[in-house]
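All remarks here apply to the structure that follows.
Residue numbers start at 1 and run along the sequence shown. In listed order, ligands and their atoms are each counted from 1.
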Amino acid sequence: MSERKAQTRYPFTMPVGWFAVAESPDLAVGQTKAAYYFDTHLALWRDEEGVAHTSDAFCPHLGAHFGHGGHVDGCQLVCPFHGWKFDAEGNNSDIPYSERTNGRAKVKAYPTQERNGFIYAWYHPHDELPDWEVEEVADITNGEFSGPKHTNHIVQVAIQEMAENAVDSAHFRYVHNTAEVPVIEKYESVGHRATMESSQKFPTPRGVVNGRIDSIADGPGVSIVRFSGIIDTLLVSASTPIDANTTETRFNFYVRSMGDDKLNSSVGDAFAAEVDKQFKEDMPIWEHKAHLVRPALIDNDGPFMKFRKWYAQFYVDEVSDDRTVFPPPFWPEKLDETPAKATASAKYGTADGETPVEVAPPAPI
Ligand code: FES
Ligand SMILES: [Fe+2]
């Protein structure tokens, strides 16, 4: 029998970066919570001063999971099993039935910061510290935009494969049935930041409106997309590797306030529903596609190789594999799965039967 080489799904593992591990409102002061990202069991906790923390899940004493029954005492995490306490750096700070602490009992703490409605943890496979911070989006806090409307999805795809969708201008017509496709005017990267500027014609009942879609990606996990032209909308998108082959994406949608809560919420709902619809149209493509190391691109395709070059900086460990085609596993239960027939994406959304509100964003993800 020939020996079969163990194969990975992709020629890359999990990238380095800041990644959302929770939405801010989902972790109350004093709460602990279980999570699973970076192929690791994690515990999230918010201390009594309101600061969010991310740590490995298992207590170094006898392995209890802090996120299942653990609690918070001031700024310490307390294990549910024998009451040992740990500080924000993961050092053992108290053992209730001993006069001494245990200097060898250390819990790995992940750099954690809270911005823009998300709790972000820093992932690096060799625990190196962050070399950038997640930036605050002023529009969210200055009252000019209303929201967020939140959605999330878990997809059987590597985070890079999903992100590549943003530079794939041609697929909008064929997967999402949009009448017009965005024209990518500029794609640039400096360090961890990649910016893309694109224009798009939006068909509306009053004629064609010229719109813009401009995005900033700060590493693989943080992305801000702004749509303008009809109604200004803002999407804070956060993708996080659950493992090397599985990604959770969270969207927070905001709309420039129009002074009327009902209208804001109607437009926000329409915006979220459209991006969500397009995301679901993309999902089966992503899950069933092979990753091609050398795709047969033409000049009119988007800047795929620029994107891949920028993204490559976030991988620390090489995957040694000389294949150029990386197919998905065989999933018998998904054999008949095909993408949903895309419906038109031209205009949608009404405020209780009033004039339709056109927001028309193509999926930015
Ligand atoms: S397992 Fe955590 S205190 Fe014993
Ligand atoms: Fe898409």
Side-chain angles (χ1 to χ4, degrees), residues 32 34 41-43 45 55-73 76-87 90-98 100-109 151 153 155 157-184 196 198 200 213 215 217 223 225 227 235 237 239 247 249 251 271-289 301-304 307 338-345 360-365:
T32 64
H41 287 280
L42 301 170
W45 57 287
S55 70
D56 272 350
F58 302 122
C59 179
H61 177 218
L62 277 160
H65 193 310
F66 293 113
H68 290 284
H71 66 278
V72 170
D73 177 8
Q76 299 169 98
L77 175 63
V78 187
C79 179
F81 209 179
H82 312 96
W84 290 28
K85 295 180 185 171
F86 298 87
D87 64 19
N91 299 309
N92 177 220
S93 48
D94 185 52
I95 299 175
Y97 51 91
S98 163
R100 299 199 340 213
T101 56
N102 184 340
R104 285 180 300 121
K106 173 102 183 159
V107 183
K108 177 171 156 185
T151 62
H153 297 283
V155 192
V157 69
I159 183 170
Q160 176 182 325
E161 280 283 270
M162 185 191 279
E164 197 168 85
N165 188 75
V167 294
D168 182 1
S169 41
H171 91 285
F172 287 103
R173 181 163 296 146
Y174 305 102
V175 178
H176 305 310
N177 200 25
T178 49
E180 304 282 346
V181 301
V183 176
I184 298 175
M196 190 165 83
S198 54
Q200 163 144 32
I213 308 152
S215 67
S223 146
V225 189
F227 304 87
L235 170 56
S237 158
S239 289
T247 304
T249 290
F251 292 138
F271 177 35
E274 174 62 17
V275 176
D276 226 46
K277 174 183 94 66
Q278 295 196 13
F279 191 91
K280 286 185 190 137
E281 290 161 359
D282 283 318
M283 274 173 63
I285 301 270
W286 294 332
E287 293 192 336
H288 295 293
K289 80 184 287 294
D301 279 318
F304 284 85
F307 163 82
T338 48
K341 185 111 185 72
T343 49
S345 301
I365 31 69

Could you work out, with side chain to side chain contact (heavy atoms under 4.5 Å, CB included) as the rule, every residue matching Ile95, not counting sequence neighbours?
Trp84, Asn92, Tyr97, Ser98, Asn102

Could you tell me which non-hydrogen atom of Val78 sits nearest to which non-hydrogen atom of Val72, and how far apart they are?
CG2-C, 4.4 Å

List the residues meeting side-chain hydrogen bond (donor to acceptor under 3.5 Å, both in side chains) with Asp276, not counting sequence neighbours, and say none if there are none.
Thr151, His153

For Gly67 and Ala43, which heavy atoms make the closest approach, and how far apart are they?
N-CB, 4.0 Å

So the protein N/O/S atoms within less than 2.8 Å of atom 4 (Fe) of ligand 1 come down to His61 ND1, His82 ND1

The Fe ion (ligand 2) -> Asp282, closest N, O or S atom is OD2

With the Fe ion (ligand 2) as the apex, the NE2/NE2 angle for His171 and His176 - to 10°:
90°

Determine yes or no for a side-chain-to-main-chain donor-acceptor pair under 3.5 angstrom, with Thr178 supplying the side chain and Phe172 the backbone.
yes

Using atom types as modelled and distance alone, determine if a side-chain donor or acceptor of Ser237 lies under 3.5 Å from a backbone N or O of Ser223.
no

Which side-chain hydrogen bond (donor to acceptor under 3.5 Å, both in side chains) pairs, counting each pair once, include a residue from residues 59-68, with sequence neighbours left out?
His61-His82

